[in-house]
Amino acid sequence: MPLAAPPALLLPLLGLAAAAVADCPSSTWIQFQDNCYIFLQEAIKVESIEDVRNQCTDHGADMISIHNEEENAFILDTLKKQWKGSDDILLGMFYDTDDASFKWFDNSNMTFDKWTDQDDGEDLIDTCAFLHIKTGEWKKGNCEVSFVEGTLCKTAIPYKRKYLSDNHILVSALVIASTVILTVLGAIIWFLYKKHSDSRFTTVFSTAPQSPYNEDCVLVVGEENEYPVQFE
């Protein structure tokens with residue numbers, strides 16, 4: 001007996017599961033290597049670097065970090081196509097006075113740098129990093145900015161929602177849990193349906209009505225009915 005098709009309930013669940021593992025949040029993001037990038041070209045007034053960072057965290061990302069020459073070149077090429085502001089744009093980097101070293105806001109490791117030649121003896125308190133969009137080199141500058149013309153944001157694949165509000169996280173968890181539960185229930189219903197169908201198929205043939213006569217009786221009846229019946 002051919003196997004029954006999966007119940008229709010499973011089809012939308014499979015589609016939902018596929019959507020849940022999409023690489024980037026939306027088509028407005030650009031994928032490169034294992035990350036998603038978005039350029040928010042919006043001029044805003046800010047009071048601190050945290051206001052700039054909030055532009056990214058509101059999108060479930062963080063200010064951009066750069067970890068190799070290829071990534072730096074990719075960002076530079078993307079900016080040249082979109083950026084219409086000043087020659088420098090903020091990177092997600094700050095100088096940590098406790099460790100006396102530069103760090104990324106997204107807590108990733110410092111595995112690459114592209115500093116221009118600057119005085120190593122300069123005061124680095126409240127120092128952030130800027131990308132020069134014409135040369136691709138980095139330069140140090142004051143974190144106390146009051147106005148930005150755009151923000152570069154980055155998040156890893158799969159899309160991380162670690163910066164979203166607790167309500168968003170709770171809703172996402174409930175959706176995933178509901179999907180799993182409904183998928184399991186659908187599989188159980190399908191299994192029971194198949195088992196019931198196979199059972200009915202077997203019962204029909206095993207309980208077929210038997211003739212009250214054996215083979216010998218059938219032959220006798222056939223012989224007795226060989227001649228036409230005459231009525232007076």
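We count residues from 1, following the sequence as given.
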Inset, instruction - Could you walk me through whether F102 and F94 pass ring pair (Phe, Tyr, Trp, His ring centres under 6.0 Å), step by step? - result: CA-CA 6 Å; F102 281 93; F94 68 99; 8.6 Å; no
Legend entry - Candidate pair M63 and C56, rule side chain to side chain contact (heavy atoms under 4.5 Å, CB included), full reasoning: CA-CA 6 Å; M63 292 178 68; C56 293; 4.2 Å; yes
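Side-chain contact between I30 and I38 is absent, with no heavy atoms from C-beta onward closer than 4.5 Å. Side chains of F130 and K140 form no contact here, defined as non-hydrogen atoms less than 4.5 Å apart. In this structure the side chain of I44 reaches within 4.5 angstrom of the side chain of V46, judged on heavy atoms. The shortest side-chain heavy-atom distance between L90 and I49 falls under the 4.5 Å cut-off. With a 4.5 Å cut-off on side-chain heavy atoms, M110 and M93 count as touching. Looking only at side-chain heavy atoms (C-beta outward), W115 and E137 stay at 4.5 Å or farther from each other. Within the 4.5 Å cutoff, the side chain of C128 has no heavy atoms near those of the N142 side chain. Side-chain contact between I157 and Q31: present, with at least one pair of heavy atoms (C-beta onward) separated by less than 4.5 Å.
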Below 3.5 Å, can you tabulate the donor-acceptor pairs from side chains in residues 64-76 to any protein atom, sequence neighbours excluded?
from, atom 1, to, atom 2, distance (Å)
S65, OG, H67, NE2, 3.2
S65, OG, D106, OD2, 2.6
S65, OG, K154, NZ, 3.3
H67, ND1, N109, O, 3.1
H67, ND1, T111, OG1, 3.3
H67, NE2, S108, OG, 3.0
N68, OD1, E70, N, 3.2
N68, OD1, E71, N, 2.7
E69, OE1, K114, NZ, 3.3
E71, OE1, H67, N, 2.8
E71, OE2, Y37, OH, 2.5
E71, OE2, K154, NZ, 2.7
N72, OD1, W138, NE1, 3.0
N72, ND2, G136, O, 3.0

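The CD atom of Q55 lies 6.5 Å from the CG atom of L40; values are rounded to the nearest 0.5 Å. Put simply, CG on D34 and OG1 on T155 are 12.0 Å apart, with the number rounded to the nearest 0.5 Å. Atom CZ of F105 and atom CG of L91 lie 10.5 Å apart (nearest 0.5 Å). Note: I89 CD1 to L79 CG = 5.5 Å, rounded to the nearest 0.5 Å. The CD1 atom of I189 sits 9.5 Å away from atom CG of L182, with the distance rounded to the nearest 0.5 Å. Atom-to-atom distance recorded for T151:OG1 and N54:CG is 10.0 Å, nearest 0.5 angstrom.
Considering only residues two or more places apart in sequence or on other chains, T78 meets the side chain to side chain donor-acceptor pair (under 3.5 Å) condition with none of them. Every residue meeting the salt bridge (charged side-chain N to carboxylate O under 4.0 Å, His left out) condition with D88, not counting sequence neighbours, appears here in chain and number order: K139. Contacts of D98 classified as side chain to side chain donor-acceptor pair (under 3.5 Å), with partners at least two apart in sequence or in another chain: none. Under the side-chain contact (heavy atoms from CB on, under 4.5 Å) criterion, L192 pairs with I188, not counting sequence neighbours. Partners of S101 according to the side-chain contact (heavy atoms from CB on, under 4.5 Å) rule, which considers only residues two or more places apart in sequence or in another chain, are D99, K103. Listed by chain and residue number, K81 satisfy the salt bridge (charged side-chain N to carboxylate O under 4.0 Å, His left out) test with D77 (two or more places apart in sequence, or in another chain). With sequence neighbours excluded, no residue satisfies salt bridge (charged side-chain N to carboxylate O under 4.0 Å, His left out) with D113. A search for side chain to side chain donor-acceptor pair (under 3.5 Å) contacts involving Y95 returns nothing, not counting sequence neighbours. With sequence neighbours excluded, no residue forms a side chain to side chain donor-acceptor pair (under 3.5 Å) with S27.
Annotation: salt bridge (charged side-chain N to carboxylate O under 4.0 Å, His left out) contacts involving residues 35-50, sequence neighbours excluded, comprise E50-R53. Within the structure, no pair that satisfies the salt bridge (charged side-chain N to carboxylate O under 4.0 Å, His left out) test touches residues 175-187, not counting sequence neighbours.
F147 and A43 get closest at one heavy-atom pair: CZ-CB, 3.6 Å.
The number of heavy-atom neighbours closer than 6.0 Å to CZ of F191, taken from other residues, nucleotides and ligands shown, is 12 or below.
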